[in-house]
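Letters A, B, ... mirror the listed sequences (proteins, then strands); counts begin at 1.
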Number of protein chains: 2
Amino acid sequence: MRLVIARCSVDYVGRLKAHLPLAIRLLLIKADGSVLVHSDGGSYKPLNWMSPPATVRRTTPAETDLEEGVQEQWIVQSAKADDRLIINIYEQLHDSSHDLGVDPGLIKDGVEADLQRLLAEQIHTLGDGFTLIRREYFTAIGPVDILARDATGGTVAVELKRRGDIDGVEQLTRYLELLNRDPLLAPVRGVFAAQQIKPQARVLAVDRGIECLTLDYDAMRGVDDTSTRLF
Amino acid sequence: MRLVIARCSVDYVGRLKAHLPLAIRLLLIKADGSVLVHSDGGSYKPLNWMSPPATVRRTTPAETDLEEGVQEQWIVQSAKADDRLIINIYEQLHDSSHDLGVDPGLIKDGVEADLQRLLAEQIHTLGDGFTLIRREYFTAIGPVDILARDATGGTVAVELKRRGDIDGVEQLTRYLELLNRDPLLAPVRGVFAAQQIKPQARVLAVDRGIECLTLDYDAMRGVDDTSTRLF
DNA sequence: ACCTACATATCGAAT
DNA sequence: ATTCGATGTGTAGGT
């Protein structure tokens, strides 16, 4: 990994065009040829970048660029696509290289799978008398997150999201259409469950006769004591 | 901006939990307190991070951590949420600070807004005799990208995407359903326009009587001479 | 401040 | 290889 602090301008040409005027930035060149251009603010997304695999080629700037004060020009070319990053370096303020080795990678916990496990264990959250048929109930168009039976014996399909968006309602609608063609299951009603449900999604769900359920992950996790001693 | 190369382990606790085992990584601390943890591979997304605004607090490691070889411990606390990043530093291999100043920001060209402007200006791309009713035609469920009138006086709703996916067809379908309830507009037919249309999306669109149109952005920009002198 | 839609999204699993 | 779904999505633009 090479770290360069430089006064530079950057142009990206590929799926779109993007231009960064002259300013001081961090240029991060990774071992796989990928390049990140970061400013001293914003979030983790670089101002400009090139995804790996890529190659960095150092060229002599054109006459007009030299006159303007460009010391070096880097051309970062994607190996896969016709995407290119052109970095004009006016002044290098720092330059260091470091050997990092291979990273063992990230271990995660608390994603949708955990939410699903918790809801399956606490199926009464859906309503009194509910019983679990199964998680990841497989259909031709994909797995239904949770299939359950309500107090009256009716089948309920649950689509589970962290963020309840309109896409999730569409997904559940497709499942319900399919499940309701099965005479052994029909009629199947739908429950759209999420930590947060967007107003638009709620409107669409209600319009289609789908019940909305907002989940409190922290409360559900509080009930399940195994999750408190993960690391 | 501070750049540190260190042998470290990292734990994130917040919306989820994530753990990075001991390895050499880049720690990038920005002026707004945000921190990025990068390895020498992957794309622009850090292995772990803290979004701004945040504060970095250096603490003395606990007894057990000291025995294990932890020299320093950084606690990065989000100012907004109860999100925390804990970085255990076993060895610092590099440490430098740099003053970058404020970045002038990125200038983009070729995003959906540009496509929409060009298609509105060159509405004949849809067919001979087409006239523009308006861009961003507002409805209760969101804005229709372009509403036009064809040679026979019929109304046409255009959904525009850079990449034509199945979601875009669903979106247009919802708009068409709504628009066709309006007797002043009905019947409204749909056109799904994108630089690239996925085969699945095309099949679904055709199945629903929606016309597909592949756009050549470069050609459309070529017609519009103002766009040739953007940079 | 909240909500909505777009993104050079990235990333991983399943097909 | 490609598609699909999740993301600690981020980001910009509107109301």
Q: Rounded off to whole Å, could you give me the CG-to-P distance for the B:D165 and D:dT2 pair?
A: 15 Å
Q | Flag, side chain of B:D32 to backbone of B:S34, donor-acceptor distance under 3.5 Å | A | yes
**Q.** C:dT8 versus D:dA6 - spacing of their P atoms, nearest Å
**A.** 22 Å
Q. Side chains of B:Q73 and B:T59: donor-acceptor distance under 3.5 Å anywhere?
A. yes
**Q.** Dot-bracket summary - DNA chain C, pairs being Watson-Crick or G-U whose distances fall under 3.5 Å, with | when paired to another strand
**A.** |||||||.|||||||
Q: Using the closest heavy atom to pick a nucleotide of DNA chain C for each, name whichever of B:G110 or A:F138 lands nearer the 5' end.
A: B:G110
Q | Separation of C:dT8 P from A:L16 CG (nearest whole Å) | A | 5 Å
**Q.** Residue pair A:H38 / B:H38: nearest heavy atoms and the distance that separates them
**A.** NE2-NE2, 4.5 Å
Q. Quick one: does A:N88's side chain have a donor or acceptor within less than 3.5 Å of a partner on A:V70's backbone?
A. no
Q: State which of C:dT8, D:dT3, D:dA6 makes the closest approach to the side chain of B:K108.
A: C:dT8
Q: Write down the distance between CD (A:E170) and P (D:dA6), rounded to a whole number of angstrom.
A: 14 Å
Q) Roughly how many Å is it from CD in A:Q200 to P in D:dT15, rounded to a whole number? A) 14 Å
**Q.** Whether A:K30 side chain and B:S39 backbone form a donor-acceptor pair below 3.5 Å
**A.** yes
Q.
Counting the atoms with a prime plus P, OP1 and OP2 as sugar-phosphate, which does B:P143 contact under 4.0 Å by heavy atoms, base, sugar-phosphate, or nothing?
A. nothing
(Q) From the set C:dT8, D:dG5, D:dG8, return the single nucleotide nearest to any side-chain atom of B:V111. (A) C:dT8
Q.
Using a 6.0 Å cut-off, check whether atom CG of A:D216 has over 12 heavy atoms from anything other than its own residue.
A. yes
(Q) Output the rounded distance in Å from CG (B:D167) to P (C:dC6). (A) 10 Å
Q: Give, for atom CG of B:L28 and atom CG of B:L3, the distance between the pair rounded to the nearest 0.5 Å.
A: 5.5 Å
(Q) Rounded to whole Å, how long is the line connecting atom CG of A:D83 with atom P of C:dT10? (A) 10 Å
(Q) I'd like to know if A:R117 pairs up with A:E121 as an ion pair, taking the criterion as any Lys NZ or Arg NE/NH1/NH2 lying under 4.0 Å from an Asp or Glu carboxylate oxygen. (A) yes
Q: Would you indicate which nucleotide in C:dT10, D:dA6, C:dA7 comes nearest to any side-chain atom of A:S51?
A: C:dT10
Q: For residues 76-90 of chain A, pull every pair meeting salt bridge (charged side-chain N to carboxylate O under 4.0 Å, His left out), keeping only residues two or more places apart or in separate chains.
A: A:R15-A:D83
Q: Return the value, rounded to whole Å, for the distance between atom NZ of B:K17 and atom P of D:dT7.
A: 17 Å
Q) Start at the 5' end of DNA chain D and walk down; is the nucleotide closest to A:R163 or to A:D145 reached first? A) A:D145
Q. To the side chain of A:K161, which of D:dT3, D:dA6, D:dG8 is closest?
A. D:dA6
(Q) If I take atom CG in residue B:L106 and atom P in nucleotide C:dA7, what distance separates them, rounded to the nearest angstrom? (A) 13 Å
**Q.** B:D109 side chain to B:Y217 side chain, donor-acceptor N/O pair below 3.5 angstrom
**A.** yes
Q: Provide the distance between the two P atoms, one in D:dG8 and one in C:dC6, to the nearest whole Å.
A: 22 Å
Q) Tell me, which of residues 38-50 of chain B have any heavy atom that sits under 4.0 Å from an atom in DNA chain C? A) B:S43, B:Y44
Q. Where the side chain of A:A18 is concerned, which of C:dT8, D:dG8, D:dG5 is the nearest nucleotide?
A. C:dT8
